[in-house]
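Proteins come first, then strands; the chains are lettered A, B, ... in the order of their sequence lines, and each starts at number 1.
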There are 2 protein chains.
Amino acid sequence: MSRWEPDARGRLEKAALDLYSERGYEQTTAAQIAERAGLTERTFFRHYADKREVLFGGSQALEQAFVDTLADVPQVAAPIDAMATTLETVAAFFLERHEHSRQRQAVIVANAELRERELIKLASLSAALAATLRRRGVKDPAATLTAEAGITVFKVGFERWVTDNGDRPLADFLRESLDELKVVTGGG
Amino acid sequence: MSRWEPDARGRLEKAALDLYSERGYEQTTAAQIAERAGLTERTFFRHYADKREVLFGGSQALEQAFVDTLADVPQVAAPIDAMATTLETVAAFFLERHEHSRQRQAVIVANAELRERELIKLASLSAALAATLRRRGVKDPAATLTAEAGITVFKVGFERWVTDNGDRPLADFLRESLDELKVVTGGG
DNA sequence: CGGTTGATGTCAGTCACTGACATCGGCTCG
DNA sequence: CGAGCCGATGTCAGTGACTGACATCAACCG
């Protein structure tokens with residue numbers, strides 16, 4: 001048996017989400033999160049760079065999933081179609097997570113600092129996708145714009161999925177959003 | 001003659017931009033900015049909600065310019081064309097500001113917190129544009145997606161303009177970015 | 001068995017930010 | 001003209017996010 005309870009990060013993330021939900025992000029101190037997780041404030045900040053980051057523990061894995069998926073799409077696909085396939089595939093990531101996503105998103109939209117953090121995570125994701133597209137031979141600004149378009153579709157589709165009742169899968173909303181984006185841009 | 005030097009906000013914004021450029025955002029304290037502006041730290045925080053906001057004093061005016069312009073575009077235009085016109089018009093806002101924009105953007109891209117703040121300003125802008133489109137009768141998700149597409153074009157075009165030598169106007173870069181976005185989305 | 005390691009605790013310190021209260025030149029009103 | 005209000009600023013004390021330095025100690029390794 002180890003010296004400490006296992007999965008300190010998991011406990012911190014759960015404690016943080018619960019406290020942020022219960023009393024709000026601003027009204028929660030790092031010390032309170034740590035205490036509920038059975039740790040100290042100092043240890044909290046060893047696991048997470050700041051109070052916001054504890055809600056984004058999975059974003060690195062999500063980015064990796066996006067990049068790996070996009071890198072594996074056959075080269076024959078046009079960039080936007082590769083993005084579409086990527087979105088479709090990564091949507092599976094959220095199949096069993098509607099309730100958790102809803103709770104987490106409610107916390108995030110309620111606080112400006114958390115929204116900022118979410119936006120920069122999406123920007124990081126976009127940059128990673130653009131880099132992957134460039135590795136696939138797509139030139140700029142097409143690579144950047146395709147990646148940004150993909151993230152826009154993800155953002156809009158995700159928001160609609162998370163506010164829905166959870167009956168329809170995320171992939172549906174992403175497909176609809178991409179189709180609608182194609183309509184509004186009118187094509188060239 | 002008034003009791004204090006006029007234009008406290010202007011002095012704070014200049015002092016902040018200069019200090020952030022000279023020694024970096026993190027290495028600059030609010031007290032130092034205030035001191036260089038001939039004020040106290042407390043007064044700094046009366047003018048700006050936090051250390052980041054001092055770099056975004058003009059964002060409210062920019063958002064207003066975007067919204068007013070978009071609202072005035074003739075109804076006959078398709079949403080994406082109304083956005084194109086809006087971008088073209090608002091670009092004039094930056095005609096004499098290339099050097100200032102360059103310095104400011106250099107500071108922002110060098111720091112994650114400042115990038116976060118910039119992203120949420122753009123998100124706010126996008127939301128305002130979407131609301132304006134809805135007022136023009138555009139339904140969702142078309143309104144949201146058109147606004148997001150417009151902001152993406154602005155972001156990409158602006159970044160290319162700001163890293164350019166300043167010979168070509170922003171409007172050129174925005175036009176090119178929008179055209180390219182139409183190409184990559186392929187239209188529907 | 002002794003040394004190393006890694007996750008944690010303890011403690012002191014800096015700085016962003018806030019609330020409460022004081023100051024004082026300019027302006028309004030009588 | 002004088003009293004009093006007003007608005008921008010100053011002063012001061014306090015909270016909480018975050019950091020660096022150092023201590024602890026069970027597990028692990030040779």
* Quick one, give me the B/S/- string for nucleotides 9-16 of chain C, reading 5' to 3', where B means a protein heavy atom under 4.0 Å from the base and S means that only happens at the primed atoms, P, OP1 or OP2. => BBB----S

* Structure fact -> From CD of A/Glu5 across to P of D/dA26 the rounded distance in Å is 15 Å

* Distance-minimising heavy-atom pair for A/Leu145 and B/Leu181 -> CD1-N, 3.8 Å

* **Phosphate-side-chain proximity, A/His47 and C/dT8, N/O vs OP1/OP2 below 4.0 Å** => yes

* **Euclidean distance, atom CD of residue A/Gln27 to atom P of D/dA17 [Å, nearest integer]** => 11 Å

* Do side-chain atoms of B/Arg102 reach the backbone of B/Asp164 as a donor and acceptor pair under 3.5 angstrom? -> no

* Assess A/Arg52 against A/Tyr25: is NZ or CZ under 6.0 Å from the centre of the six-membered ring, and within 45 degrees of the ring's axis? => no

* Check whether NZ of the Lys or CZ of the Arg B/Arg104 lies under 6.0 Å from the centre of the six-membered ring of B/Tyr20 and within 45 degrees of that ring's axis. => no

* Asked: Are any side-chain N or O atoms of B/Ser126 and backbone N or O atoms of B/Leu122, one a donor and one an acceptor, separated by less than 3.5 Å?
  -> no

* **Under 3.5 Å donor-acceptor, B/His98 side chain and B/Arg168 backbone** => no

* Given Watson-Crick or G-U pairs with both distances under 3.5 Å, what dot-bracket string fits DNA chain C, with | for other-strand pairs and [ ] for crossing? -> ||||||||||||||||||||||||||||||

* To do: Take atom CZ of B/Arg9 and atom C1' of D/dG7, then tell me their distance rounded to the nearest Å.
  => 16 Å

* Over how many whole Å does the gap from A/Asp7 atom CG to C/dT8 atom P extend? -> 10 Å

* For the residue pair B/Phe94 and B/Phe158, categorise the inter-ring angle as parallel (less than 30°), tilted (30 to 60°) or perpendicular (more than 60°). => perpendicular

* Structure fact -> In whole angstroms, the gap separating C1' of D/dC18 from CD of B/Glu113 amounts to 11 Å

* Under a 4.5 Å cut-off applied to non-hydrogen side-chain atoms, are A/Thr132 and A/Phe66 in contact? -> no

